[in-house]
Amino acid sequence: MRTDRPLRVVLAEDSVLLREGLIGLLSRCGHEVVAAVGDAEALIAAAEEHVPDIVVTDVRMPPGFQDEGLHAALRLREKRPTLPVLVLSQYVQRTYASELLDSGDGTGIGYLLKDRVGQVEEFVDALWEVAEGGTVVDPEVVRQLLRRRRDPLERLTPREREVLALIAEGKSNGAIARELVVSEAAVGKHISSILTKLNLPPTDESHRRVLAVLTFLRA
C-alpha cells in the first residue's frame, strides 16, 4: 500500500543534464537523492554505502556505454534481492528487460524508456510502484512482447491479454477500467480469470499480480 513516505534514492545517469533534472524532479516530489553518480562502479559503491529505498539507473554508462548500468543493478540485486531498481533506457531492449526480470526475487523492478521521464506523473507513479515491490514495464516494451511472445498466454482471451498488458504497465484496477471504459468489477473478473488460467500458486492477490506480469513478460 502506498504510504507517500519520502524515498531515499541512489541515481546513476552519465548525462549531467538529465541527472540534474532528475535530482530536481525527485526533490520537488519530496524524495531524497542520497547519491547521484555518473558510472556503474560509482553506482555500486553508492548503493552499498547508502542502502537506498530504490536505485534509478541508466542502462548504458561509462566506460563502454553498453549495458554497464544494467549489470551494476543486477550485481546489486544479487547481494540484496529485494532492492527495488528502476532502469531507464533510450531504446527498447527486450534482452535487458528479461535480464532485469530474472534478477533478485522478482519484485521491485521497473524498465522505462527515457521519454517516460517527461511524463512526470507517470514517472513518479512508476517510482512508487517499484519502490513498494511492484513491476512496471514501459508500454512500448509491453507492446513488443505482446507481438512476439503469446504462446504461454493462449488460454487468455484478447481482452484478458489486454488487461494483463495494462497490469504490466503498473496500472491499477481503476486506471485499467478507465482506459478500457468498463467497470472496476469487470476488470476484477478479468484479473481473477487471468490468475486462474495462468495456474499461479495461491497467495495474496498483489503477489499473484506480480507473478502474472512475470509470466507474461518471460513467456
Practice item. Determine, stepwise, if the pair L70 / Y111 fulfils side chain to side chain contact (heavy atoms under 4.5 Å, CB included). Key: CA-CA 10 Å; L70 173 71; Y111 185 95; 5.9 Å; no
Less than 4.5 Å apart, side chain to side chain, heavy atoms only: is that true for [X] and [Y]?
X: L166; Y: V187; answer: no
X: E122; Y: L112; answer: no
X: L180; Y: R159; answer: yes
X: D125; Y: E121; answer: yes

Where do [X] and [Y] come nearest, in terms of heavy atoms and distance?
X: D14; Y: G38; answer: CB-O, 3.5 Å
X: A42; Y: D39; answer: N-OD1, 2.9 Å
X: L7; Y: H31; answer: N-ND1, 3.0 Å
X: V55; Y: A47; answer: CG2-CB, 4.3 Å
X: A35; Y: A46; answer: CB-CB, 3.7 Å
X: G133; Y: T107; answer: O-CB, 3.5 Å

Side chain to side chain donor-acceptor pair (under 3.5 Å) test vs N173 passes for just one of R209, H190, E184, namely R209
Value rounded to 0.5 Å, distance of [atom1] in [X] from [atom2] in [Y]:
X: I167; Y: L195; atom1: CD1; atom2: CG; answer: 7.0 Å
X: R77; Y: T82; atom1: CZ; atom2: OG1; answer: 8.0 Å
X: E132; Y: L127; atom1: CD; atom2: CG; answer: 10.0 Å
X: L86; Y: I54; atom1: CG; atom2: CD1; answer: 5.5 Å
X: E68; Y: M61; atom1: CD; atom2: CE; answer: 8.5 Å
X: R28; Y: I23; atom1: CZ; atom2: CD1; answer: 11.5 Å

Run the side chain to side chain contact (heavy atoms under 4.5 Å, CB included) check on R60 and Q90 step by step: do they pass? CA-CA 9 Å; R60 299 182 176 185; Q90 190 69 43; over 6 Å; no
Sub-3.5 Å donor-acceptor pair from the side chain of [X] to the main-chain atoms of [Y], do we have one?
X: S193; Y: K189; answer: no
X: R8; Y: V51; answer: yes
X: E32; Y: V34; answer: no

The single option from L18, V56, L43 that satisfies side chain to side chain contact (heavy atoms under 4.5 Å, CB included) with L11 is V56
Are F65 and V59 connected into the same hydrophobic cluster when the rule is that any two of I, L, V, M, F, W, Y join if their side-chain heavy atoms are below 4.5 Å apart? no
Item to check | Shared hydrophobic cluster for V9 and V136 (ILVMFWY, side-chain gaps under 4.5 Å) | outcome: yes
Stepwise side chain to side chain contact (heavy atoms under 4.5 Å, CB included) check, V85 with V130: CA-CA 7 Å; V85 172; V130 173; 5.8 Å; no
Discussion item. Please determine whether a side-chain nitrogen of the Lys or Arg among K114 and D58 lies less than 4.0 Å from a carboxylate oxygen of the Asp or Glu.
Written reply: yes
So that I can tick it off, tell me whether E78 and R75 are bridged by a salt bridge, with the cut-off set at under 4.0 angstrom between side-chain N and carboxylate O. no
Evaluate side chain to side chain contact (heavy atoms under 4.5 Å, CB included) for E48 paired with L76, printing each intermediate quantity in order. CA-CA 8 Å; E48 291 178 344; L76 289 170; 4.2 Å; yes
